[in-house]
Protein chains: 2
Amino acid sequence: MDDIDRMLIGLLQEDATRSYAALGAAVGLSSGAAHERVRKLRERGLIRRTTVEVDPVAAGRGVLAYVMIDGNTWMGDTAEALRTIPEIEEAHVIAGPASVLTKIRASSTRELQAVLRRVFEIDGVARTQTVVVLETFFERGVHVPGPAGAPEPLPR
Amino acid sequence: MDDIDRMLIGLLQEDATRSYAALGAAVGLSSGAAHERVRKLRERGLIRRTTVEVDPVAAGRGVLAYVMIDGNTWMGDTAEALRTIPEIEEAHVIAGPASVLTKIRASSTRELQAVLRRVFEIDGVARTQTVVVLETFFERGVHVPGPAGAPEPLPR
DNA sequence: CTCGTCATGGATGACATCGACAGGATGTTG
DNA sequence: CAACATCCTGTCGATGTCATCCATGACGAG
């Protein structure tokens with residue numbers, strides 16, 4: 001995991017359709033060497049997968065909210081129940097004001113309400129607290145840090 | 001935007017390295033037709049870009065926190081200041097208990113503290129409230145809804 | 001009927017993928 | 001200390017697959 005690997009990851013985060021020839025040229029390597037490095041990055045799990053970024057509004061998910069869920073029992077097993085709700089994009093166990101924090105996208109506030117009803121039907125859910133997003137400044141991928149003091153290209 | 005487009009998006013979300021031939025076979029189209037549909041999905045902005053998903057832990061971002069920021073002035077202009085902090089992955093204006101909600105990944109709690117210090121240096125920031133994530137159940141992409149009543153394949 | 005939309009199939013050039021080989025760093029042994 | 005073995009990582013070239021483009025045909029709406 002050196003600087004070249006970091007550059008490759010950065011380039012692929014920007015645009016994963018780049019050819020290996022272009023990647024190699026950008027980092028000063030042959031296309032074969034670039035290919036080999038990317039293959040290893042995938043193999044080691046540093047690159048989990050290559051995917052496609054979908055516009056939430058165009059996909060009919062224009063309403064974004066973060067919902068904190070409080071439970072009256074141990075909530076370690078609610079993961080699967082939450083996963084079956086497609087509108088829930090993320091779910092984390094948190095330390096602090098609640099047990100679980102979820103990120104929910106719905107087509108309307110009305111559908112958001114329907115999702116909350118489904119959440120309440122999960123065993124152990126006692127309270128929810130909803131934070132509605134009014135405007136998204138930005139959403140970007142994980143930043144891969146370079147060596148200390150180096151200039152930092154920002155994702156997206 | 002019909003069912004075939006939705007299937008194509010779903011398939012590409014799973015694995016954007018699939019060949020157009022494979023995509024076409026999966027949805028019952030020729031490779032050319034699949035290619036044309038995907039091209040239009042990109043053109044219309046429904047598919048924003050194809051990118052690579054990086055493992056946060058391997059990238060040295062093992063600590064995840066959500067930080068709510070409260071300001072004593074209008075915070076519509078803080079977007080750029082927040083964007084220059086690479087550890088901040090998302091920033092949203094919210095309705096409710098604070099002005100802005102951010103998602104922050106750091107290498108350690110110590111570095112999280114350093115990021116919070118940088119946040120406080122932004123003009124207008126008055127208070128922050130940090131929610132530390134203990135365990136992530138899942139993080140997945142936007143779910144593209146199908147027609148009502150149809151069976152729902154879940155992302156990831 | 002006629003136009004517009006959408007899919008098919010084939011041709012072509014670019015690209016991923018793989019194998020063989022070279023150079024350099026590191027470690028081992030006489 | 002020198003000579004050699006080994007490993008890692010790179011370049012180069014060959015081959016098969018694939019993206020991409022275009023001509024053609026089918027279908028449906030006005």
Side-chain angles (χ1 to χ4, degrees), chain A residues 1-55 57-60 141 144-148 150-151 153 155-156, chain B residues 1-55 57-60 141 144-148 150-151 153 155-156:
Chain A
M1 184 64 189
D2 58 5
D3 282 3
I4 292 185
D5 285 335
R6 268 185 285 274
M7 290 206 294
L8 288 172
I9 289 179
L11 290 167
L12 288 175
Q13 277 183 319
E14 271 179 23
D15 179 5
T17 68
R18 260 187 258 260
S19 74
Y20 287 111
L23 286 176
V27 302
L29 250 50
S30 75
S31 95
H35 182 259
E36 179 64 10
R37 277 180 179 260
V38 173
R39 196 193 60 75
K40 283 181 183 169
L41 286 173
R42 288 186 207 277
E43 185 184 271
R44 278 185 269 150
L46 224 142
I47 294 178
R48 286 223 186 102
R49 61 169 180 178
T50 112
T51 184
V52 121
E53 200 180 283
V54 175
D55 177 18
V57 176
V144 182
R156 203 156 317 187
Chain B
M1 185 62 190
D2 58 4
D3 282 4
I4 292 185
D5 285 335
R6 268 185 285 274
M7 291 205 291
L8 288 173
I9 290 179
L11 291 166
L12 287 174
Q13 277 182 318
E14 271 179 24
D15 179 5
T17 68
R18 259 187 259 260
S19 74
Y20 288 110
L23 286 176
V27 302
L29 250 50
S30 75
S31 92
H35 181 259
E36 179 63 10
R37 276 180 179 260
V38 173
R39 194 192 61 74
K40 284 181 184 168
L41 286 172
R42 288 187 208 278
E43 186 183 271
R44 277 185 272 151
L46 222 141
I47 294 179
R48 285 222 187 105
R49 61 169 179 177
T50 111
T51 185
V52 121
E53 200 180 283
V54 176
D55 177 18
V57 176
V144 182
R156 203 151 320 187

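In what follows, every chain begins at residue 1, and chains take the letters A, B, ... in the order their sequences are listed. Hydrogens, waters and symmetry mates play no part in the numbers below; they use all other heavy atoms, side chains included.
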**Q** For the side chain of B:Tyr20, counting heavy atoms from C-beta on, which of D:dT20, C:dA7, D:dG10 is nearest?
**A**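 Ranking D:dT20, C:dA7, D:dG10 by closest atom to the B:Tyr20 side chain puts D:dT20 first.
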**Q** Looking at A:Arg39 and A:Glu36, does any basic side-chain N land under 4.0 Å from a carboxylate oxygen?
**A**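 A:Glu36 and A:Arg39: salt-bridged.
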**Q** If the cut-off is 4.0 Å, is B:Arg37 near the phosphate of C:dA7, judged by side-chain N/O to OP1 or OP2?
**A**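 It does, given that an N or O in the side chain of B:Arg37 lies less than 4.0 Å from OP1 or OP2 of C:dA7.
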**Q** So does B:Arg6 pair up with B:Asp3, basic N to acidic O under 4.0 Å?
**A**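 So B:Arg6 pairs with B:Asp3 through a salt bridge.
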**Q** Between C:dA16 and A:His35, is there an OP1 or OP2 to side-chain N/O distance shorter than 4.0 Å?
**A**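 The answer is no; no side-chain N or O of A:His35 sits under 4.0 Å from OP1 or OP2.
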**Q** Can you measure B:Ile4 atom CD1 to C:dC6 atom P for me and round it to whole angstrom units?
**A**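 Rounding to the nearest Å, CD1 of B:Ile4 and P of C:dC6 are 11 Å apart.
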**Q** With a 4.0 Å cut-off on N to O distance, would you call B:Asp55 and A:Arg49 a salt bridge?
**A**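 A:Arg49 and B:Asp55: not salt-bridged.
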**Q** State which of D:dC18, C:dC15, D:dT20 makes the closest approach to the side chain of B:Ser19.
**A**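 The answer is D:dC18, which lies nearest to the side chain.
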**Q** Which of these nucleotides, D:dT20, D:dT11, C:dT8, is closest to any side-chain atom of A:Ala33?
**A**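 My answer, after comparing the listed nucleotides, is D:dT11.
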**Q** Expressed in angstrom and rounded to an integer, what is the separation of A:Asp2 atom CG from C:dA25 atom P?
**A**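 The answer, rounded to whole Å, is 15 Å.
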**Q** Distance check needed: D:dA19 P versus B:Arg18 CZ, whole Å only.
**A**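 Interatomic distance, CZ of B:Arg18 to P of D:dA19: 13 Å.
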**Q** Taking A:Leu8 as the fixed residue, which of A:Val144, A:Leu29, A:Val27 is the one that meets the side chain to side chain contact (heavy atoms under 4.5 Å, CB included) rule?
**A**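 So the option named by the test is A:Val27.
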**Q** Starting from C1' on C:dA14, measure out to CG on A:Leu23 and report it in whole angstrom.
**A**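 To the nearest whole Å, that distance equals 15 Å.
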**Q** Check whether any side-chain N or O of A:Lys40 sits under 4.0 Å from OP1 or OP2 of D:dC8, and answer yes or no.
**A**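 It does not, given that no N or O in the side chain of A:Lys40 lies less than 4.0 Å from OP1 or OP2 of D:dC8.
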